[in-house]
Amino acid sequence: MSVTSQIVLDDSGQLRLLESGLWFGPFRKECVFLLETHSRDRRLYPKEESPRMAEFAWLDLAGSRPKVWIVEAKSSVARLENTKDFEQNLEEWAGKLANALIIIAGIKAGAFPSAADLSEVPAYINDNDMRDLSFYLVVVLTADWATEETCQQLQISLRPYLSESIRAWGLPKDSVYVFNRELAQRRKLTTGELQSS
């Protein structure tokens, strides 16, 4: 995770993580794959070649088919009217989310060197075929101006940047989302502030 990240694990095995000023979780520890940390610190890639990566993947077991939410969180983002910076944001988000799918597929295919430490890869990655999981790619914005309407506009703009990944992995077209704090909370990605004990 980035230098602003913080991870809290409680006595019942529930994990929360702070990213871009927002607490994600609580999640069962075994349902979370800390993608950014793993790709950077577990010798999957030479340090100078470590790809930019989404923060984490969470296995949501609610519903009839398991969902894997791949999450990139951002506290600062260019507004839509700032065209050049906005397009750079979209490219960055798409790259991180696409790289997350690649690392998961690479782990399943045994594509990483023998020196790579895969001991903390969650069982749900190893024990399921990718086609048996529903993948959702989501950017969560914590900026105050990110209204639900703005998020929908950003989502429409982001989807073409991920069209090749969506086709390559056979994902539905509606598997890419942009959420603000409230939308993320509705999807159980966050329950708001961490209560101090």
Side-chain angles (χ1 to χ4, degrees), residues 1-9 13-20 22-61 65-75 88-140 158-172 175-177 189:
M1 313 299 286
S2 68
V3 292
T4 58
S5 301
Q6 181 179 342
I7 299 170
V8 175
L9 186 64
Q14 296 285 303
L15 180 146
R16 287 192 187 228
L17 55 105
L18 177 66
E19 181 59 46
S20 299
L22 186 62
W23 282 102
F24 289 88
F27 307 129
R28 285 168 40 189
K29 184 183 178 206
E30 65 271 19
C31 290
V32 178
F33 185 17
L34 300 174
L35 290 159
E36 190 176 38
T37 300
H38 214 94
S39 67
R40 186 187 62 222
D41 299 337
R42 302 291 176 165
R43 301 186 299 278
L44 272 67
Y45 305 94
K47 284 210 170 184
E48 64 278 4
E49 295 176 19
S50 183
R52 300 188 78 182
M53 188 66 59
E55 262 77 55
F56 67 92
W58 168 54
L59 177 66
D60 179 4
L61 294 169
R65 187 179 184 194
K67 300 180 185 72
V68 179
W69 292 93
I70 295 176
V71 178
E72 169 66 9
K74 300 303 291 185
S75 57
Q88 286 178 343
N89 285 156
L90 295 175
E91 288 174 5
E92 176 193 336
W93 302 344
K96 288 183 173 184
L97 294 166
N99 286 340
L101 287 170
I102 290 168
I103 196 175
I104 290 170
I107 288 167
K108 294 197 66 57
F112 291 104
S114 56
D117 177 2
L118 302 178
S119 61
E120 292 187 15
V121 174
Y124 74 83
I125 299 294
N126 291 314
D127 295 348
N128 291 283
D129 287 337
M130 286 188 75
R131 66 177 170 268
D132 294 332
L133 299 168
S134 296
F135 286 89
Y136 294 90
L137 311 176
V138 59
V139 176
V140 177
L158 178 60
R159 284 181 174 168
Y161 286 80
L162 280 157
S163 59
E164 288 185 18
S165 293
I166 288 169
R167 277 197 304 273
W169 302 109
L171 304 182
S175 57
V176 177
Y177 293 95
L189 291 168

(message) V8 vs L15, test: side-chain contact (heavy atoms from CB on, under 4.5 Å). Steps then yes/no.
(response) CA-CA 6 Å; V8 175; L15 180 146; over 6 Å; no

(request) Could you walk me through whether E92 and K74 pass the salt bridge (charged side-chain N to carboxylate O under 4.0 Å, His left out) test, one step at a time? (result) CA-CA 11 Å; E92 176 193 336; K74 300 303 291 185; 3.0 Å; yes

(request) Let me see the working for W93 and Q88 under side-chain contact (heavy atoms from CB on, under 4.5 Å), right down to the final yes or no. (result) CA-CA 9 Å; W93 302 344; Q88 286 178 343; over 6 Å; no

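Open room surrounds CD on E164; 12 or fewer heavy atoms of other groups in view lie less than 6.0 Å from it. Within 6.0 Å of CZ in R28 there are 12 or fewer heavy atoms belonging to other residues, nucleotides or ligands. Few gaps surround NZ on K67; more than 12 heavy atoms of other groups in view lie less than 6.0 Å from it. By the neighbour-count criterion of 12 heavy atoms within 6.0 Å, atom CZ of R65 is densely surrounded, having more than that number from other residues, nucleotides or ligands.
The two residues S165 and A98 make their nearest non-hydrogen contact at OG-CB, 3.3 Å. Closest of all the heavy-atom pairs between P172 and I166 is O-CG2, 3.9 Å. Across P113 and R43, no two heavy atoms sit closer than the pair CG-O, 3.9 Å. Shortest non-hydrogen contact noted between M53 and E72 is O-OE1, 3.8 Å. L44 and F112 get closest at one heavy-atom pair: O-CD2, 3.4 Å. The shortest non-hydrogen separation linking V68 to A57 is CG1-CB, 4.0 Å.
R16 is listed as a side-chain neighbour of P26, based on a closest heavy-atom distance under 4.5 Å. The shortest side-chain heavy-atom distance between L17 and L34 falls under the 4.5 Å cut-off. Contact of the L162 side chain with the L171 side chain is not registered, since no non-hydrogen atoms from C-beta on lie closer than 4.5 Å.
Using cut-offs of 30° and 60° for the angle between ring planes, the F56 and F27 rings count as tilted. Note: H38 and F33 have perpendicular aromatic rings, judged against thresholds of 30 and 60 degrees for the angle between ring planes.
When each of N99, V138, I104 is paired with I70, the side chain to side chain contact (heavy atoms under 4.5 Å, CB included) condition holds for I104 and for no other.
The main-chain N or O of S119 is found under 3.5 Å from a side-chain atom of D117 such that the two form a donor-acceptor pair.
To the nearest 0.5 Å, atoms CD1 (I7) and CG (L18) are separated by 10.0 Å.
Taking 4.0 Å as the cut-off between side-chain N and carboxylate O, E36 and R52 do not count as a salt-bridged pair.
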